[in-house]
Amino acid sequence: MDYYDKKQNRSQKVTKYLLIAVSVIFIGVMLVLPLISVIVNSLKEGIEFYFKSLSTEFVTSALGVTVMATLISVGVNTLFGIIASWLLTRFEFRGKNTLSTLIDIPFSVSPVIAGLAFIMTFGRLGWASPVVDWINSTFGTDIQIVFALPGVVLATIFVTFPFISREIIPVLNTVGHDEEEAAALMGAKGLKIFRKITFPHIKWALLYGVILCTARALGEFGAVHALSKTRGQTFTLPLEIDALYMSGSADSITASFAVSSLLVIMAIVVLVARNIVEYRAKKEK
Amino acid sequence: MYVELKNINKYFGDFKAADNVSFGIEKGKLVALLGPSGSGKTTILRMLAGLEKPDSGEIYIDGKLVNNIPASERGIGFVFQSYALFRYMTVFDNIAFGLEVKKTPKKQIKERVNELIELVGLSGMEKRYPNQLSGGQRQRVAFARALAPEPTLLLLDEPFAAIDAKVRAELRTWLADMIHKVGITSIFVTHDQDEAVDVADNIIVTNQGRIEQHGAPQEIYNNPETPFVAEFIGTSAKYENYGVLKGFSREEKINGALIRPEFVEVFKSDNTSIEPYLKYADDGIVENVTFRGNSIELTIDVKGLKLTALRSLERRKIDVGERVKVLVYRLYAFDNEGVKIIENSDIAGKETVKL
């Protein structure tokens, strides 16, 4: 190795460590420290207080609402995501690009606007309000959408809408039609082709999408905030945290950190699950 | 005719992929659809399979109009260019798939699959996945999978394109043998004339969505009916001013001529054995000498025409710049209607021993 190489090697090393230092400091200050401070703050009043603040009526109700909204929206979006990506990768039709762009709306629109949009649609002044009223009077039901659980679920579905289809579409595009055509030529029908041929290809992408969707649904604040006003009934965990923090007393602030730590733990679980899925998917390839 | 296409037309947007295509194929034959890329050969194959719908025209298989019969019910085996093996299934499951769809009893499936695995020489590989196989092995699986449900017609889309040159020649002989052994009517698409000539009983030459010629390989090679076929099959170069060559005269209406290397004989100027033919031979200057492995390719300037000739390696060496004697046996002259063979009028009828 001559002098020039040595010098270049050294400067490359300097660059490498400099980049590592910058990244570590940035991630530490911006991401890790705040999360640690959440945990630390949540335990400030002791472990007993921690569990007590997690078991209040408001918090258990919020946890229930969050889990329900997450499960329903993951379910709905899984179904929709598969259908949409099947449609967008396997069929040619007019307006295909427009549809593909529309799916991405939740990525670019602020969640608060989504919440307000639902109020303007299903609220007392919304255009769909007479439809809801008609259904209620005809079937004797009492369905409320805005400021009720259906609204919370709708808002969560809205913000997590594109996650699954966006994971599946690239995979379906790379895989191509050939295997499906081959199966069809042998007489296999749609559902069998999907189950035996297509699904094994998209399995990991789908699971990855489900995980991302779950993470997003658990943490959603803006859209739900616009549609949910009753603490202890329609509040989700993020809203409950906000309410606790805003009430201002020292105890309730510590309690809000305790509830936050619940979301942090859920997030870490999701993160680990994500890594396992990524690893397994890579190994299978 | 076992397979028959009548006046098939197919557009993709403005692109005409099939232009009034008609042809018939006898039962048990192995037929090549040969043409350059974009000539419509794959489209014809896909329409036969039912993967594309013709805009107009009729397709008959075994005397039955199949236009409205879906792909899955036509009883056709199809081998895809990329094989399209099911990546998440073993070799056994791949071959068994078509039988499972048909709800064949388990025991029968097992027998049939094992029989096919033996036939294609993949015994012991039943449990492997496609990505654990070589290109040639994958093709064998694709072939076995297509045959498993006992189709009456086998279609193969560029079956050798994804295989490296060395294995290809071996595999195509294997496939041709297999197809004849099974006795199934087969059509394969290729852009490689060697492949078509080597393997097929009959060749259908396609160009710009049209059928140019349909016949036995030898017939297509020796008697091309259209300028396109004359140019596409074999190697040849086009000459407008062919009348300058001894033994040929320019005729009216003829637009030009194609000369293949094998029509051109080159002699060293001191070769005494050609004495009787010397007066028919033209003088030429060697412009280029290229080693082709099994022969030497010469480019010779004869009265302004750049002729290409092949010379066997055993003969005396010829150098660039050398003056040589050149004899052209025949050429393909073409007008607006078609192609005709013109023999060298000086040596026609005489005993021409190839020297």
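Every chain is numbered from 1 and lettered A, B, ... according to where its sequence line falls, protein lines coming before strand lines. Side chains are part of it too, since the values below use all heavy atoms of this structure and drop only hydrogens, waters and symmetry mates.
- For a residue to count as touching a neighbouring chain, one of its non-hydrogen atoms must lie under 4.5 Å from one of that chain's; by this rule Leu99(B) does not touch chain A.
- Considering only residues two or more places apart in sequence or on other chains, Lys96(A) meets the side chain to side chain donor-acceptor pair (under 3.5 Å) condition with Glu92(A).
- Among the candidates Arg74(B), Gln81(B), Arg145(B), the residue making the largest number of heavy-atom pairs closer than 4.5 Å to chain A is Arg145(B).
- Under a 4.0 Å N-O distance rule, the pair Arg46(B)/Glu52(B) qualifies as a salt bridge.
- A donor-acceptor distance shorter than 3.5 angstrom exists from the side chain of Asp55(B) to the backbone of Tyr11(B), with no hydrogens or angles considered.
- For the 3.5 Å distance criterion, the side chains of Tyr2(B) and Glu26(B) fail to qualify, holding no donor opposite an acceptor.
- Heavy atoms closer than 4.5 Å to chain B are found in the side chain of Lys189(A), but not in its backbone.
- Neither the backbone nor the side chain of His177(A) has a heavy atom closer than 4.5 Å to any heavy atom of chain B.
- At a 4.5 Å heavy-atom cutoff, the contact between Leu51(B) and chain A is made by side-chain atoms alone.
- Both the backbone and the side chain of Phe86(B) come within contact range of chain A, judged by heavy atoms closer than 4.5 Å.
- With a 4.5 angstrom heavy-atom cutoff, Ala184(A) touches chain B only via backbone atoms.
- Under the 6.0 Å cut-off for aromatic ring centres, Phe143(B) and Tyr83(B) do not qualify, their centroids lying 6.0 Å or more apart.
- Applying side-chain hydrogen bond (donor to acceptor under 3.5 Å, both in side chains) to Thr160(A) and the options Thr70(A), Asn77(A), Thr214(A) leaves one that passes, Asn77(A).
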